[in-house]
Structures are given as structure tokens and as C-alpha cells.
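Worksheet: the structure to be examined is printed underneath.
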Amino acid sequence: MTLGPGPMMRGMAPDSSVTGQSIKPGTFRRALPYARPHYRPMAVLLLVTALNAGLTVLTPILFKVLIDDGITAGNSDVVLWISLSVVGLALVSLVLGMAEARYSGRVSEGLVYDLRTEVFDHVQRQPLAFFTRAQTGALVSRLNTDVVGAQQAVTAILSTIGSSGLTLILVLVTMFYLSWQVTLISLLILPLLVVPGKIVGRSLQRIMREQMQMHAEMGSLMNERFNVTGALLSKLYGKPAVETQLFAQQAAKVRDLGVLAATYGKTLFLAMTLIGSLATALVYGVGGGLAIDGTLQLGTLVALATLLTRLFGPITQLSSAQASILTALVSFDRLFEVLDLKPLITDKPNARALPAGLAAGGSAPEIRFDRVAFRYPSAAEVSLASLESIAVAAPKRTTNALVLREVSFVAPAGKLTALVGPSGAGKTTITHLVPRLYDVTEGAVRIGGHDVRDLTLASLHESIGIVTQDAHLFHATIRANLTYARPEATDQDLIAACRAAQIWDLIAGLPEGFDTTVGDRGYRLSGGEKQRIAIARLLLKAPPIVVLDEATAHLDSESEAALQKALKTALAGRTSLVIAHRLSTIREADQILVIDDGRVQEHGTHDELLDRGGLYAELYRTQFSRPQTADDDIPAPEPVGVAPGPLPGGPGRGGRAAPFGPGFHPDGGPPPPIPG
């Protein structure tokens with residue numbers, strides 16, 4: 001496998017639609033309110049800055065007095081006291097500098113905290129579609145790199161502009177007081193200091209945006225390769241040299257941009273130094289002539305030269321601050337991009353909580369789909385180009401077709417409804433509409449007679465528990481993963497839930513018990529162990545509605561048997577939606593919905609659907625027309641269900657796990673004939 005200049009590699013260049021953007025109008029004005037909550041430390045910072053600026057001017061004046069009234073006049077007392085005064089001012093300046101650093105840090109770090117928490121909270125409120133498109137590394141970059149860049153903008157405004165601006169004014173006033181002729185001549189060359197900052201600032205703004213984008217892409221690549229599943233895939237299918245080359249290409253672009261930024265920055269510094277040297281030479285040349293003629297005292301000339309050097313600093317800082325602020329405002333711009341992305345799924349202004357009798361811990365409600373149609377939102381509705389993968393351009397869809405059409409059914413309260421059908425038929429989409437992970441395009445989804453769009457998301461999510469094919473566990477302890485569903489749960493609650501989930505014996509045998517770290521995505525546990533911990537988490541939550549999305553995929557027979565016992569407890573008395581691919585697992589379901597092409601093609605019990613000889617019967621015949629294997633002789637575990645009969649759970653996609661329901665060959669014989 002080689003990496004040539006193919007579409008993938010060409011696509012790794014920064015997207016001009018992302019990196020070529022200019023700062024949006026009003027970004028600076030919009031950023032200023034973030035400093036308002038920190039007005040008290042800001043006031044102290046400005047006071048300290050003003051005092052520092054005063055000391056900057058006072059020291060050269062003391063040098064003038066030292067030379068003219070002390071050294072030239074031969075007055076040793078003046079020399080002594082002025083020298084001691086300069087030392088005292090230096091100590092005061094040191095204290096003020098430390099205070100300035102402290103309060104500047106309080107303001108800037110407070111800003112970082114506010115921005116980070118606001119962006120994190122806003123991202124959490126985005127719909128599921130947002131996370132299916134956004135790169136994790138790009139999101140992390142917004143919360144790290146861009147927030148720090150925004151902090152630098154505010155710090156530059158408060159410290160650099162505030163201090164330098166005030167110093168510049170005081171120095172100029174003092175210079176005019178000492179000699180307006182020399183000051184006017186000096187000012188002829190000083191405007192040249194502003195020109196390099198304006199020219200370089202625009203280029204640095206573009207480079208900074210590209211750097212941020214490339215850092216986000218490089219972070220995404222590392223995140224994908226360094227998590228457990230990505231590392232496993234890379235080791236089994238990838239080649240280390242190719243992976244390193246891919247990373248090296250991205251790192252090289254970051255390197256080149258860094259070199260370019262450093263070059264521009266150094267060029268700006270050298271230009272400022274050259275212009276400053278020219279101005280200093282001009283002052284000594286003109287002022288020296290005036291001193292020889294007796295028009296200007298020697299001490300005044302030294303004070304003017306010293307003040308001029310104090311003038312270069314503020315002008316250089318202000319010019320550099322212009323470039324720094326322009327580049328740092330890019331960070332604010334990118335943060336505002338995220339904050340301006342309005343969540344598609346939000347509470348209505350008059351949304352109400354699901355009635356207590358139907359909420360968590362209450363009775364199981366009925367679920368009704370009423371002529372539901374659904375299409376997935378477009379990328380422009382839920383995401384940003386700068387947060388998505390831009391390595392390979394995805395083909396644009398000419399139409400945004402409906403995924404579900406005219407879907408109507410009732411999932412009876414406290415009963416199990418199974419969803420079967422070909423892959424891609426819309427089964428998972430149906431289950432996602434129940435907790436409002438997406439909103440319907442047409443029609444309505446009702447729980448206990450209430451349109452889910454009229455309910456608060458908090459009460460809705462509290463009432464629904466989902467166990468997916470790949471149960472996700474955080475890189476934390478077993479206790480932390482369990483109490484995520486109910487933080488106030490006691491150890492007795494955890495033990496009871498784990499016993500019911502058939503996982504307590506394993507946890508009790510671990511050296512650290514509940515405090516055992518499960519690893520990235522729970523990778524230190526087997527698939528069956530992760531699923532049973534997910535069931536225990538579900539039991540702790542105790543929701544009246546349960547969704548099983550192929551919760552037993554890729555499990556061995558022993559794990560399947562243990563999980564069935566756990567699911568029997570989890571489903572008891574709850575309204576359940578179970579996605580099933582292996583039809584033997586849902587023979588005892590209260591009703592079966594056959595989904596195909598986004599529609600409910602058939603519904604009924606297992607026997608009723610076989611009698612009709614339709615799509616379900618065809619799927620059933622196809623699935624069990626294969627020859628018997630040794631696996632078929634494995635005794636099936638007891639079925640899962642609620643009293644009085646068994647309730648089947650969800651099967652594994654492509655797995656050979658044993659069914660939830662009764663074994664298909666209880667007597668080792670062939671499957672029953674299909675009527676018709």
C-alpha cells in the first residue's frame with residue numbers, strides 16, 4: 001500500500017472555505033462582554049497599569065535632575081538622593097509588575113473558564129446528528145486551542161494596549177515638555193513603526209486560522225488511532241510506515257505554518273528595531289547639536305533619549321498587539337461558530353414534564369407512532385464544515401429522501417414490541433425518535449398520549465433506557481459507570497442491580513471490586529461483561545421504557561445465557577422495543593413489526609405473520625434454510641420475558657449468540673413447516 005497524490009492526500013490540505021475566511025464583522029464587539037464579569041480585577045489591573053506607566057516617565061526625569069542638578073552642578077547630595085530614589089522606584093516597579101501579572105492572570109484565566117464551560121455546555125445540547133458528523137479532535141481543539149487564543153486576545157487588550165497606550169501618552173507629553181523641537185523631529189519617523197504591524201498582522205491572521213485547522217485535524221487523527229478500537233484496527237489492517245507517513249504529512253504542514261509564522265514575527269521585530277535605531281540616532285544628532293549650542297541641557301538630552309527608548313516599547317507592543325489581536329480574534333470567531341449553531345432538538349417554551357405516573361419508577365406507558373415520516377437533517381442544519389472531516393469530500397446528495405414514511409403503530413404498555421426487517425430498513429431510526437434524539441418530519445410520536453415534542457427532554461430521557469449492540473463504558477471505574485445512571489445510588493443498590501444483571505460474581509472477585517477501572521470504552525472487559533454492566537446501569541435507572549438495539553451481538557453462549565437472565569429482570573413490566581435480526585429471538589414477542597423501506601409492511605405475532613406468508617415468512621424461511629451446524633445442538637438458555645410468558649430480547653447482528661426465546665430446535669428436529 002502506497003500513498004500517492006490521490007484524492008485522499010490532496011484532500012488533506014486545509015479547506016479554503018474554512019481557512020480562508022476573514023473575521024466576521026462584530027466579532028470584537030461580541031467578545032468584549034466576556035470580560036464584564038471580571039470587572040473588579042480588571043479595575044485593579046488598570047490602576048496598577050497606570051501606576052507602572054507613571055513610573056516609566058518618572059525615571060528619565062530623575063536622570064535629568066541627576067545630571068543637570070547633581071553631576072554637572074557638582075552637588076553630591078542630589079546625586080545620592082536621586083540614586084536612592086531610582087532604586088526605590090525600581091523596587092516599586094517590581095511590586096507593581098507582580099501585581100499586574102497576578103490580576104492579568106485572574107482576568108484571563110477567568111475568561112478561559114467561562115468560555116470553556118459555555119462551549120462545553122452548548123456542545124452537549126447538540127443533537128445526535130451533530131456528533132455523527134463532527135470530528136472529536138476538532139471539538140477538543142475548540143475547547144483548548146481556540147479558548148486559549150481567545151484568552152490571549154483579552155490579555156493583549158488589557159495588559160498590552162492599556163499599559164502601552166497610557167505609557168505612550170505620558171511619554172509624548174513629557175517629551176514635548178522637555179523639547180518640542182526634538183519631539184516633533186522624532187515623531188516624523190515613528191509612524192513607520194505602525195506600517196509593519198498592519199502588513200504582517202493580516203498575514204498572521206490567515207496563518208493562525210490554518211494552524212488551528214491543521215492542529216484540529218492532527219488531533220483527530222491521533223484520537224482515532226490512539227483509542228483502543230482504532231489501535232486494534234490499525235494493527236490488524238494498517239501498516240505502521242503508512243500511518244506514520246500520514247501523520248508526518250499533517251505534522252509537516254503544521255511545521256511549515258509554524259516556520260512561516262515565526263518568520264513573519266521575526267521580520268516584524270527586526271523592522272521595529274531598525275526604525276527604533278534610526279529614531280534614536282536622529283534624537284542624538286539633533287539634540288546633540290542643540291546641547292552644543294547651549295539651547296538644550298545635557299540632562300534634558302539624556303532624558304529625551306531615554307524617553308524615546310521608552311516610546312519604542314509601547315509603539316512596538318501596540319503594533320504587535322494589532323497583529324496578535326487579529327490572530328487571536330480568529331479563536332473567538334471559531335468559538336462563536338460553535339455557539340451560533342442552534343440545537344435542532346430543544347424544549348418548547350411551554351414544555352411540561354412527563355406525568356409522574358409515567359416517568360421513571362412509574363407505570364409503563366403506551367408508545368404510539370401516528371403517521372410518522374422522517375428525513376435526516378442536512379449537514380448545514382446540524383454541523384460546521386470546520387468540524388467535519390475534510391480529508392475526503394463526501395458526494396453531495398441531490399435529494400434528501402425520506403427514511404421513514406407513514407409509520408403508524410402502537411407499542412402496548414408493559415409489552416414487548418419487536419422490530420425486524422432488512423438492514424437499513426429504518427428500525428434504529430424508529431427507536432431514536434422515541435427519546436427525541438431526532439424530531440419527526442411529519443406526524444407525531446406519543447408516549448402515554450403526550451407528543452414527545454411537548455415534553456421536557458430531561459423527563460423524557462429519564463423515562464427511557466437504551467442498551468445498544470456496543471455498550472459504551474467511560475474510561476473510569478465500574479462504580480462511576482454504574483452511578484452515571486443514578487449518582488445517589490448506595491453500594492447496596494449497586495450490588496442489587498449487579499446481582500440482577502448477573503455480573504456481581506465477577507465484580508466481587510476483582511481485587512478492587514467496584515473501584516476497578518474498565519479502560520477505554522470498557523475494553524478491559526469482555527463483550528458480555530460490558531453488556532451486563534450496561535444492564536445493571538439500566539436497572540439502576542429503572543425506566544418504564546426500554547429499547548434494546550441488538551443488545552446481545554457477538555456474545556458467546558455462556559455470556560448470552562447470563563445476559564438473558566439479566567434482561568428478564570430488566571424487561572419485566574416495562575414497555576419494550578427490541579430490534580431483532582435473528583427471528584428465533586422474538587417468537588414470543590407480544591407483537592412483531594416488519595419494517596422495510598421505511599414502512600411498517602406487516603405486524604402481528606410470530607404465528608400470525610407465518611400464516612400470512614409475507615415478508616416475515618420469507619425472511620424466516622431464508623434465515624433457517626441453512627444446513628444444521630454443531631452450534632445448533634447447543635441447548636438454548638431460558639427465554640427472557642415478563643410474567644406470565646417470556647419476553648424475548650434483541651439478537652446480535654451477524655453473531656452466533658443463542659436466542660432469547662425458546663430454542664428453535666427444542667427436540668433437535670427440523671423447523672416447523674411454513675404454511676402456504
Side-chain angles (χ1 to χ4, degrees), residues 23-56 92-126 139-170 197 201 204-205 208-209 211-212 215 313-342:
I23 297 174
K24 295 181 179 64
T27 298
F28 182 79
R29 184 171 60 254
R30 185 177 176 184
L32 285 179
Y34 283 90
R36 287 177 186 166
H38 312 285
Y39 70 92
R40 287 180 179 172
M42 283 175 55
V44 176
L45 176 61
L46 292 176
L47 176 61
V48 171
T49 299
L51 293 175
N52 252 333
L55 292 181
T56 301
V92 173
S93 180
L94 174 65
V95 174
L96 291 176
M98 295 175 60
E100 183 177 348
R102 174 178 175 80
Y103 283 96
S104 175
R106 285 185 58 182
V107 173
S108 58
E109 291 302 326
L111 177 74
V112 166
Y113 171 81
D114 294 341
L115 273 174
R116 236 175 221 149
T117 52
E118 182 177 356
V119 174
F120 182 85
D121 180 70
H122 189 75
V123 168
Q124 280 199 118
R125 298 177 188 277
Q126 294 301 318
L139 281 173
V140 172
S141 176
R142 297 294 167 103
L143 283 168
N144 289 331
T145 307
D146 290 321
V147 168
V148 172
Q151 170 203 23
Q152 292 171 350
V154 174
T155 303
I157 293 171
L158 293 177
S159 298
T160 305
I161 295 182
S163 176
S164 300
L166 187 57
T167 301
L168 179 63
I169 294 172
L170 292 176
L204 284 177
Q205 173 190 336
M208 180 66 71
R209 187 180 289 274
Q211 277 185 315
M212 290 177 178
H215 275 293
I315 292 179
T316 303
Q317 288 175 345
L318 288 173
S319 183
S320 301
Q322 181 187 26
S324 299
I325 291 171
L326 283 174
T327 53
L329 282 176
V330 173
S331 297
F332 266 116
D333 211 22
R334 284 161 56 87
L335 290 172
F336 291 152
E337 278 184 340
V338 178
L339 293 175
D340 288 340
L341 191 61
K342 303 300 182 185

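Positions are given from 1, in the same order as the sequence printed here.
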Checklist line | L166 versus A50, closest heavy-atom pair with distance | finding: CD2-CA, 3.2 Å

Notebook entry, point to check: Does H122 reach the main-chain N or O of D340 with its side chain, forming a donor-acceptor pair under 3.5 Å?
Noted result: no

Notebook entry, point to check: Quick one: which of L47, N52, L45 gives a side chain to side chain contact (heavy atoms under 4.5 Å, CB included) with T49?
Noted result: L45

Notebook entry, point to check: Taking all non-hydrogen atoms of both residues, which atom of H38 and which atom of L111 are closest, and how far apart?
Noted result: NE2-N, 3.7 Å

Next item on the list: Check side-chain contact (heavy atoms from CB on, under 4.5 Å) between V92 and all other residues, then give those that pass, not counting sequence neighbours.
Entry: L55, L96

Margin query: Once salt bridge (Lys or Arg N to Asp or Glu O under 4.0 Å) is applied, what residue pairs with a partner in residues 103-119 remain, sequence neighbours excluded?
Written below: none

Checklist line | Beyond-backbone contact of V123 with V119, side-chain heavy atoms, under 4.5 angstrom | finding: yes

Next item on the list: Of all the heavy-atom pairs spanning T167 and A53, show the shortest one and how long it is.
Entry: OG1-CB, 3.3 Å

Item checked: Distance in Å, R125 CZ paired with K342 NZ, rounded so as to fall on 0.5 Å steps -> 12.0 Å

Note to self: To the closest 0.5 Å, what do you measure between CG (L46) and OH (Y39)?
What the structure shows: 14.0 Å

